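Both counts, for ligands and for their atoms, begin at 1 and track the order of listing. This one's a predicted model, so the numbers in the text were calculated from it and none came from an experiment.
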Amino acid sequence: MSDSPPLRVAMVGYGFMGAAHSQGWRVAPRFFGLAAEPVMDTIVGRDAARVEDARVRFGWSRAETDWRRVVEDPRIDVVDICSPGSSHAEIAIAALENGKHVLCEKPLANTVEEAEAMTAAAERAAARGVRSMVGFSYRRVPAIGFARRLVAEGRLGAIRQVRALYLQDWLSDEEGPMTWRLDKEAAGSGSLGDIGAHAIDLVEHLTGSLLSGVSGTLATFVQERPLLGETVGLSGTASEQRGRVTVDDAAWFTARLAGGHAEGAIGAFEATRYATGRKNALRIELSGSRGAIAFDLEAMNELQFYDATAPAGEQGFTRILVTEPEHPYMANWWPTGHAIGYEHAFSHQVKDFVDAVTGGRDPEPSFADGLHVQRVLDAVERSAASGSAWTSTERKEA
Ligand code: SOE
C-alpha cells in the first residue's frame, strides 16, 4: 500500500468509457509516482443490477444508482463523468458546487449553452482550489506529446496546412443496432461530436492555434436501425422495431486557424463511422515551412517526421518509434521498443489529473478548452444547415 494520502473517486457510467477510465484509475498509481493514491470508491449507474456487475468487473468498492447522493458524499474527492453527454452538465455543475474535482468525458456537453454553464461553474470552483478537466485522452498518447514538442521547438516552422481525419467503420453495416450514440438527445451529435471532437482538440493542442471559422457538410446515410432490448436512452419506445437515427453519420469540414504555430493555416477535417476498413484511424498531418509530421492512431507508437532542413538528397519522412525513455510518459513503462496501447492514454490522463490536483494547478484540457471545441462543433452544424456557408466559431456572427 502506498503512503500517499487517498483521493477518493466516484465514477458515473460503466460503458466503454467507464471500463477505460477504471483501467486508468487502477493502473496509473502502479506505474507513476502520484502524490495521492486514487481509491476506486464508488461506481454509479441507473440500473442497480448492471452497476453492481460493473463494480465487480472493474474493481470498485461500492455501487450506487443515484449520482446526486454521490456528489454530496463528503468522503468523495473526485467525480469522473463517463455517462452520455446529456448528463454531463447537471452532474459536473453539482459536483463542482459540492467541492469535488471533476474529470468529464468529451465532448464536454451536448450544446454550447451547457458547456458555457459548465465552464462558468469550473471557473467559480477553481477560485476555491477545485479542479476540472475534459477527457480528451488522445492528448496523452506519447507520439502526440512528442509531436507537440517538435511543433513547440519550431521544427515544423510555420504550419500552413492541417489534415485531421477520424475514420471508423462500425456503422457501415446498416443492420447494426441503435445505440445512444445515434440519438441526438443523448449524444448531442454523431461522428462529429464523438470522434470529430478529438480531431479538433488534437489540432488545437498540437498547434496552439484555434479554429476560427468553418464550412461544413453533414450526412446521415442510414435513417433507422434495429432496436435491441438492451438499447438505453433512446427517444423511441422499446416496443418499436426500429429506432430513428437523429445524428450525423459523417462530418466533413474545412477550417481556418488563428494564433499559435498555425496562424492563417487552412485545415481539412473528416469524421466518419462509415470508412469501410478503417477501424480507429485518427490521422493527423501538419505541413509546415521547415517540416511536417504525420500520425495515425492505428500505429500509435509511431510518429512520421519530415525535416525539410535536412540536405535535399537525404529528405524523407522518418518513422520514429516513440518508445524511448525521453518520449512523454514512456520512461515509466517498458524497456525501449516495447509498445503501449489504447488504454495507456487513460493512465496518463489519471496521472496528469492527479498531479494537477495535488500540485494545486488547473489541469488541461480545461472546461474552457472543451467549450471552444463545442463552439467548433456547433459552427459545423450551423454551417451544414445553411448549405456549407462559411461560419465563425464565435456564436454571434454567422
Ligand atoms: C472516447 O474518448 C471516444 O471518443 C469514444 O467516445 C469513441 O466512441 C471512440 O471511438 C474514441 O474514443
Side-chain angles (χ1 to χ4, degrees), residues 11-25 80-88 92 102-110 115 133-141 143-144 164-173 176-184 186-205 225 231-233 245 247-251 269-284 295-300 340-350 352-353 363-365 367 369-370 373-374 376-377:
M11 185 182 77
V12 186
Y14 51 81
F16 174 19
M17 279 308 107
H21 282 227
S22 298
Q23 175 94 346
W25 290 115
D80 180 8
I81 304 171
C82 297
S83 44
S86 53
S87 63
H88 289 187
V102 172
L103 170 59
C104 182
E105 253 307 317
K106 45 51 59 184
L108 182 59
N110 279 3
M133 186 170 108
V134 193
F136 281 114
S137 56
Y138 295 135
R139 286 189 178 206
R140 271 86 195 180
V141 171
I144 292 292
L165 317 178
Y166 200 152
L167 313 175
Q168 300 181 339
D169 74 351
W170 59 277
L171 285 181
S172 52
D173 172 5
M178 266 310 276
T179 96
W180 68 265
R181 287 177 196 271
L182 303 180
D183 180 47
K184 191 169 176 60
S189 66
S191 290
L192 177 65
D194 184 30
I195 56 178
H198 280 299
I200 296 163
D201 179 67
L202 278 192
V203 165
E204 297 196 334
H205 175 63
R225 287 181 172 270
T231 310
V232 289
V245 174
V247 298
D248 60 281
D249 284 335
F269 292 75
E270 180 178 359
T272 172
R273 296 138 159 182
Y274 282 76
T276 318
R278 300 291 176 215
K279 302 301 170 183
N280 202 26
L282 170 54
R283 297 173 169 192
I284 309 279
F295 169 79
D296 184 348
L297 186 63
E298 289 186 345
M300 63 179 285
I340 61 165
Y342 173 75
E343 79 271 21
H344 291 76
F346 293 89
S347 291
H348 303 160
Q349 179 166 275
V350 163
D352 290 343
F353 182 75
E364 285 181 358
F367 278 18
D369 296 327
V373 172
Q374 203 76 46
V376 177
L377 302 176

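Close contacts between ligand 1 and F16 involve ligand atoms 9 (C) [criterion: under 4.0 Å to a heavy atom]. Close approach to Y138 involves these atoms of ligand 1, each under 4.0 Å from a residue heavy atom: 11 (C), 12 (O). Interface of Y342 with ligand 1, defined as ligand atoms under 4.0 Å from a residue heavy atom, comprises 12 (O). The E105 neighbourhood of ligand 1 comprises atoms 1 (C), 2 (O), with distances under 4.0 Å to a heavy atom of that residue.
At distances below 3.5 Å, not a single donor-acceptor pair connects side-chain atoms of D249 with backbone N or O atoms of S191. In this structure, H198 contributes its side chain and F136 its backbone to no donor-acceptor pair below 3.5 Å. Although no hydrogens or angles enter the test, the distance criterion places no donor-acceptor pair under 3.5 Å between the side chain of E105 and the main chain of I81.
Ranking protein heavy atoms by distance to atom 3 (C) of ligand 1, first place goes to H198 NE2, 3.5 Å. Distance from atom 7 (C) of ligand 1 to its nearest protein heavy atom, with residue and atom name: D194 OD1, 3.3 Å. The shortest contact between atom 10 (O) of ligand 1 and any protein heavy atom is with Q168 NE2, 2.7 Å.
Under 4.0 Å from ligand 1, not a single heavy atom of F346 appears. Neither the backbone nor the side chain of W170 comes within contact range of ligand 1; no heavy atom lies under 4.0 Å.
Interatomic distance, E298 CD to L282 CG, rounded to the nearest 0.5 Å: 10.0 Å. Going from atom CZ of R278 over to atom CD of Q168 covers 13.0 Å, rounded to the nearest 0.5 Å.
Note: no N/O pair closer than 3.5 Å links N280 and ligand 1 by distance alone.
Under 4.0 Å is where a charged nitrogen must lie from a carboxylate oxygen, and between D201 and K106 no such pair does. Ionic pairing of D194 and R273 is present here: one or more N-O contacts between side-chain nitrogen and carboxylate oxygen are shorter than 4.0 angstrom.
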